Every structure is written in structure tokens, then in C-alpha cells.
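See below for the structure under consideration.
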Amino acid sequence: MKDQLRQAISTALQQCYASGVLSSGELPAEIQLEVPKNPDHGDFATNLAMTMAKAERKAPRQIAEALVAALQGNPLCEKIEIAGPGFINFRLAPNCWYGVLDQVMQAGDAYGRSQVGAGTKIQVEFVSANPTGPLHIGHGRGAAVGDAVAAVLEAAGFDVQREYYVNDAGNQVKTLGLSILLRLRELQGETIDFPEDGYQAEYIRELAAKYLDAEGDLRGLAEEEAIERCARFGVARVLEWIAADLKAFGIGFDNWYSEKSLYDRAMVDMELAKLKEKGLTFEQEGALWLRTTDYGDDKDRVLIKSDGSSTYFASDVAYHMEKFDRGFDRVIDVWGADHHGYIPRMKAMLSGLGHPPEDLEVLLIQMVNLLRDGVPFTMGKRSGNFITLREVIDEVGSDACRYFFLMRRCDSQLDFDLELAKQQSSDNPVYYVQYAHARVCSINRNAAEAGVAQPDPAQVDCSKLQLDEELALAKQLARLPEAIVGAALNYEPHRVVFYLQELAAQFHSYYNRHRVLVDDPAATQARLYLVNCVRIVFANALRILGVSAPEKM
RNA sequence: GCGCCAGUAGCUCAGAUGGAUAGAGCAACGGACUUCUAAUCCGUAGGCCGAGGGUUCGAAUCCUUCCUGGCGCGCCA
């Protein structure tokens with residue numbers, strides 16, 4: 001709809017040049033069309049006349065008048081007005097909007113999808129929590145956002161892969177192994193001295209007990225071997241928990257990528273060798289450094305420590321280099337905001353290798369402040385005092401939880417009060433949208449019961465839809481594709497949430513004011529047609545957010 | 001000290017890449033269920049967009065200097 005109008009304006013512009021009414025001959029880079037806040041200003045407005053004023057050396061209103069004259073008689077437009085400092089306001093003919101309904105009905109589940117991404121290969125890596133304990137609420141936010149970002153990108157025509165990076169190498173895994181081993185010995189009656197930096201939480205005892213059950217005794221093994229076995233066992237079990245929790249949250253990954261496998265395949269050495277070859281590294285005090293300061297980082301960074309072991313950064317560098325080797329055009333990382341200091345060094349690494357730094361986009365998920373009855377919880381894996389994602393899903397429900405996380409832009413902090421979230425379970429915003437969907441389904445059930453058939457798209461008389469609310473609904477339906485594209489290109493899934501809130505508000509208002517099933521059969525058919533288009537849009541947008549669209553509530 | 005994010009109604013937040021009179025939800029107040037589900041709707045009230053300066057036809061939005069809150073600044077992960 002918007003594109004058709006844009007095309008018409010462009011043609012009119014060329015006419016003006018041809019006839020000499022306008023002289024600069026410069027076609028503007030882009031014809032901006034926006035939906036005015038005030039409905040009196042029409043369906044679309046453009047500031048074209050104002051942006052052209054300089055090149056034309058004419059007053060904006062003069063330019064606008066020339067354009068409007070050239071557009072007169074266009075069947076798309078019912079009314080064109082010049083307003084304010086030089087805006088051109090367009091009111092489209094109702095017929096245009098009825099066409100949207102046919103598009104929705106015809107496309108069905110696919111309505112809202114577009115090809116803006118043109119098949120660009122893009123990877124979204126998210127959650128990637130260490131496999132040393134269950135997911136907590138902060139991971140939940142990252143999970144909801146990452147999955148929704150992936151979904152809007154898919155809907156916008158990108159070729160998306162969802163990946164979880166498993167940090168199954170390094171010290172934290174050793175610590176896990178040691179923690180389990182010590183608890184295991186404790187279970188066997190030994191008195192142990194549990195280190196401060198071990199994992200204190202209760203699930204470690206659970207893992208120890210499970211180990212004894214499944215694998216038996218460890219006595220007689222060398223300490224290192226025992227720790228290693230416990231670690232491997234623990235990582236495997238914890239990953240099972242994580243996968244199960246994510247499944248309960250409606251999230252699945254295309255790929256689980258093991259950090260350890262990077263080492264097993266000698267990928268870290270290989271990728272570091274490439275960096276050395278390019279002269280991006282240097283040795284100092286027995287360590288190998290990456291010269292990230294050449295590309296905007298504050299300090300150079302250590303890759304291989306003086307004791308010969310590699311840093312977390314080393315495997316991260318190798319991992320990201322390998323992502324591009326795998327053919328992704330663009331790579332998105334979803335991180336907790338506390339890792340933001342890592343961005344410059346990662347981008348520096350890419351620049352050094354000749355990638356534009358924009359090929360890596362890091363989404364920072366701000367902290368979730370967990371409260372219970374307004375009292376903040378301090379979270380920390382080691383202290384063991386934390387609320388798991390699973391607990392929250394069980395208490396609040398997956399739909400409400402995901403919706404809650406997606407309602408805010410991810411770079412602002414989020415207060416999550418468990419008691420409040422539970423209380424809200426009866427008037428949580430998610431139900432507002434879901435209820436609207438359920439209401440359409442209810443209308444359909446009533447129609448079926450009354451023997452009213454679903455409308456045949458070929459025969460519906462949309463001119464029966466003359467109410468302001470009906471046209472407004474059709475206009476809102478027309479905006480779904482651009483809402484999704486906007487969310488995708490900006491990595492801002494919350495835009496889809498706000499789109500849904502608006503559509504739901506319009507629908508509820510319409511529902512309260514007018515009946516769908518009325519005496520006039522033609523009007524009933526047209527309204528059924530309309531509300532079922534609304535239903536399709538609710539379902540499609542909710543699906544993107546990973547929230548269910550119930551038929552009954 | 002340096003860097004990143006935020007600061008908009010009493011509270012929680014939008015504000016669609018610089019547009020017209022800054023918007024929702026919750027809370028408050030007043031109304032609407034013999035009618036397709038009241039988890040809904042209609043109405044009232046609520047603002048120095050943290051502060052100052054700048055850029056231009058036009059700024060919550062861009063630049064700059066401050067203020068406040070959060071988070072970072074390891075040969076930790």
C-alpha cells in the first residue's frame with residue numbers, strides 16, 4: 001500500500017520535472033512516508049516538499065502544490081491536502097484497504113513475512129550460559145529476546161540459524177567437577193573442606209548423588225581423573241536441564257556448539273596462527289597478545305597466558321572467526337550487559353581480519369533485577385541463592401514470562417517482581433492480546449452454531465465495512481509487515497509487542513461497540529471476513545514472539 | 001579516572017531512524033454486562049521529556065558540558 005503510493009509520488013515528481021514546474025531535477029534519495037499520529041492528517045504524510053526546499057530554492061508549500069497538482073485524479077487517493085509548514089497528507093480510498101483483507105486471507109500463516117533480508121545468512125547466538133548450573137531469570141530474558149530476534153529476522157526473509165555456545169572448557173568446568181567430587185565424598189561420610197569459590201548450591205549435592213547412582217565409586221582414582229569424570233558428568237546433566245528448561249520456554253536451537261570441540265579439533269591454534277601470520281599478535285612477558293588497540297580497544301589483550309594456557313578470549317576469537325568460515329554474512333551475539341566491555345576487543349579482532357565490524361552485532365541484555373514483594377534478591381551462582389528460570393515459568397507461565405521480557409527494549413533494565421508477576425497473571429498485558437484472539441474464535445464458534453458459513457473471499461462485499469473502526473482495523477493489519485521489518489532491522493522485537501497491543505485495543509473497542517453477527521447477511525459476512533483477518537494477524541505476530549494464541553480463555 | 005546503558009505522567013514503559021497538539025498500561029475518580037466471553041469498553045485527571053548550551057524551517061530524538069542511577073575497566077570465566 002505504502003509502496004504503491006510512493007511509486008505514484010515518484011511518477012508525479014518526474015512529471016513536474018518534465019513539465020518544468022520543478023527545476024532541480026534531483027530525485028530525492030528516499031520518499032519518506034509516515035503514518036501521522038493525528039488521523040485528521042490522513043493515512044500517510046510526506047515531508048518531501050520540505051526536504052526538497054533547499055535544492056529547489058522554492059518555498060515548501062509551492063513545491064507541495066506542484067506535486068499535488070500532478071497527483072490529482074490518482075485512483076489510489078481519495079483526498080490530498082497540504083498542511084502545516086508543507087506536509088502533504090494523503091487519504092487513501094477505502095477500496096485500497098479492503099484489498100489488504102484479501103492479502104491477509106490469501107497469505108494466511110505467511111502474512112507479515114517479507115523478503116527484505118533476501119536470504120542473507122545470519123546467525124543468532126544466545127543464552128550460551130555456562131553449563132555449570134541451571135538457567136536463572138537473566139538467562140530467560142536473553143532467551144526470550146534472542147529467540148524473538150531470530151524469529152523477526154526469519155519473518156523478514158533472512159536465513160537464520162539459532163546457536164548455543166557451550167562453555168564446556170576452562171576453569172569453571174573444573175570448578176564444577178571439584179565441587180561435585182567434594183560433595184560426593186561428603187555423601188560417603190568424609191569430612192571435607194569446601195572451598196569458597198566452589199559452587200555452593202544445592203544442585204551440586206544432587207549431581208553428586210546422581211553420579212554415585214549412575215557411575216559408582218571414585219575412590220582409588222587420581223584426583224585429577226576424578227575431577228574430570230565429575231566435570232564431564234556434571235556438564236552433561238546440567239546441559240540436559242538447560243535444554244529441558246528452554247524447551248519448557250518454547251525455545252529450541254539449531255546447533256549446540258561446544259567450546260571444547262574447538263580445542264579438540266585444534267581450531268584455536270589454527271585460528272590463532274592466522275592472526276600471527278597477519279602480524280596482529282606480539283609476545284611480551286611470556287604471553288601472546290592480540291594488538292586490539294590498533295582497532296580502537298583501550299588495551300591489548302592476552303590470548304595465551306605465560307603458563308601456556310589460553311584465555312577465554314582466545315577461544316572466543318577462534319569461535320567467532322569460525323562463524324564467518326561457516327559462511328554467515330552477519331553474526332549476532334546476545335550477551336548480558338555486564339559483558340559489554342568485550343565488544344571493542346571482538347570488533348577489533350574482526351577489523352584486523354578485514355571484516356567490517358558491523359558484521360558482528362552484539363545485543364546487550366540489561367540486568368533483570370529480581371524482587372520478591374519489592375525486596376531485591378542478590379543473585380550469584382556461587383552463593384546458591386538464586387531463582388531459576390524454571391521456577392519463574394512454573395509460577396508465572398511461559399506466555400506471560402516471555403511477553404514480560406519482550407515488552408521492554410532490551411537495553412533498559414527490568415524490575416521483575418515475582419509476586420507482582422504472579423498477581424498479574426489475571427490482568428497481565430499478555431492476556432489482553434490473547435483474549436482478543438480468543439474472542440474472534442468465540443465469534444466463529446457462535447457463527448458456526450447459528451449456521452452462518454465462513455465468508456467466501458470471492459464473494460465478500462467489503463463495501464459493507466464502512467465504519468471508522470473497520471477501516472482503522474484494516475489499516476492496522478496493513479502495517480504488520482513493516483512492523484516486523486522494523487523489528488528485524490533494528491533487532492527490536494518489542495516493536496511487535498506494541499503493534500499487538502495497538503491492534504488488540506482497536507479490536508476490543510470495535511467488539512464492544514458493534515456486533516459481528518448481525519441481521520444483514522452481507523454485513524455479517526464482511527465483518528466475519530474482517531475479524532478473521534484480525535485473528536490471523538494476532539496468531540502470526542504471537543507466534544513470532546513465542547507466545548500462544550489460545551482459542552478459548 | 002575512563003567507557004557502556006538508562007533518565008519521558010504518581011509507578012512501569014512506548015515514542016516507528018528529525019516532523020504537526022509528546023502517547024499507552026497500572027494506580028485514582030465517574031460510567032457500561034436480559035445483546036457474539038466484562039481477562040473487555042467509554043470518560044475524567046495527570047508533563048520544564050534529568051539540567052544548561054548548540055545544530056535548523058522544526059529536537060524527547062542529533063552534537064556538547066554537567067547531574068543522577070546501573071554495569072564494566074584481569075595473564076578470571
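What you see is a predicted model, and the numbers here were worked out from it, not measured in a lab. The sequence lines fix the lettering, A, B, ..., with proteins before strands; numbering per chain opens at 1. All values below come from the heavy atoms of this structure, side chains included, with hydrogens, waters and symmetry mates left out.
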[options]: which one has an atom nearest the side-chain heavy atoms of [X]?
{"X": "A/Tyr511", "options": "B/rA14, B/rC71, B/rU37", "answer": "B/rU37"}
{"X": "A/His340", "options": "B/rG3, B/rC36, B/rA6", "answer": "B/rG3"}
{"X": "A/Glu285", "options": "B/rG19, B/rC36, B/rC75", "answer": "B/rC75"}
{"X": "A/Met367", "options": "B/rG70, B/rA39, B/rC75", "answer": "B/rG70"}
{"X": "A/Arg409", "options": "B/rA39, B/rU35, B/rA6", "answer": "B/rA6"}
{"X": "A/Arg515", "options": "B/rA6, B/rU35, B/rC75", "answer": "B/rU35"}
{"X": "A/Gln413", "options": "B/rA39, B/rA14, B/rG70", "answer": "B/rG70"}

Categorize [X] for me: base, sugar-phosphate, or nothing, with a 4.0 angstrom heavy-atom threshold over every strand shown.
{"X": "A/Ser442", "answer": "base"}
{"X": "A/Lys552", "answer": "base"}
{"X": "A/Ala450", "answer": "nothing"}
{"X": "A/Asp307", "answer": "nothing"}

Residue closer to the 5' end of RNA chain B, A/Ser509 versus A/Lys305 (nearest nucleotide): A/Ser509
Rounded to whole angstroms, how far apart are [atom1] on [X] and [atom2] on [N]?
{"X": "A/Met407", "N": "B/rG15", "atom1": "CE", "atom2": "P", "result": "13 Å"}
{"X": "A/Arg439", "N": "B/rU37", "atom1": "CZ", "atom2": "P", "result": "9 Å"}
{"X": "A/Lys299", "N": "B/rG72", "atom1": "NZ", "atom2": "C1'", "result": "11 Å"}
{"X": "A/Leu500", "N": "B/rA39", "atom1": "CG", "atom2": "P", "result": "20 Å"}
{"X": "A/Glu502", "N": "B/rA16", "atom1": "CD", "atom2": "C1'", "result": "10 Å"}
{"X": "A/Asp411", "N": "B/rG3", "atom1": "CG", "atom2": "P", "result": "19 Å"}
{"X": "A/Lys37", "N": "B/rA24", "atom1": "NZ", "atom2": "C1'", "result": "14 Å"}

B/rC63, syn or anti by chi within 90 degrees of zero: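 Judged by the O4'-C1' to base torsion, B/rC63 sits in anti, the angle falling more than 90° away from 0.
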Aromatic A/Phe507 / basic A/Arg439 pairing, under 6.0 angstrom, 45° off normal: no
Any A/Tyr432 side-chain N or O less than 4.0 Å from OP1/OP2 of B/rC41: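 It does, given that an N or O in the side chain of A/Tyr432 lies less than 4.0 Å from OP1 or OP2 of B/rC41.
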Side-chain donor/acceptor of A/Asn89 to base of B/rA20, under 3.5 Å: yes
Base B/rG19 to side chain A/Asn47, donor-acceptor N/O within 3.5 Å cut-off: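 Pair found.
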B/rA24 pyrimidine/purine six-ring stacking with A/Phe498, under 5.5 Å and 30°: no
Aro-ring/base stack A/His41-B/rA20, d under 5.5 Å, angle under 30°: yes
Geometric class of the A/Phe538/A/His437 ring pair [parallel <30°, tilted 30-60°, perpendicular >60°]: perpendicular
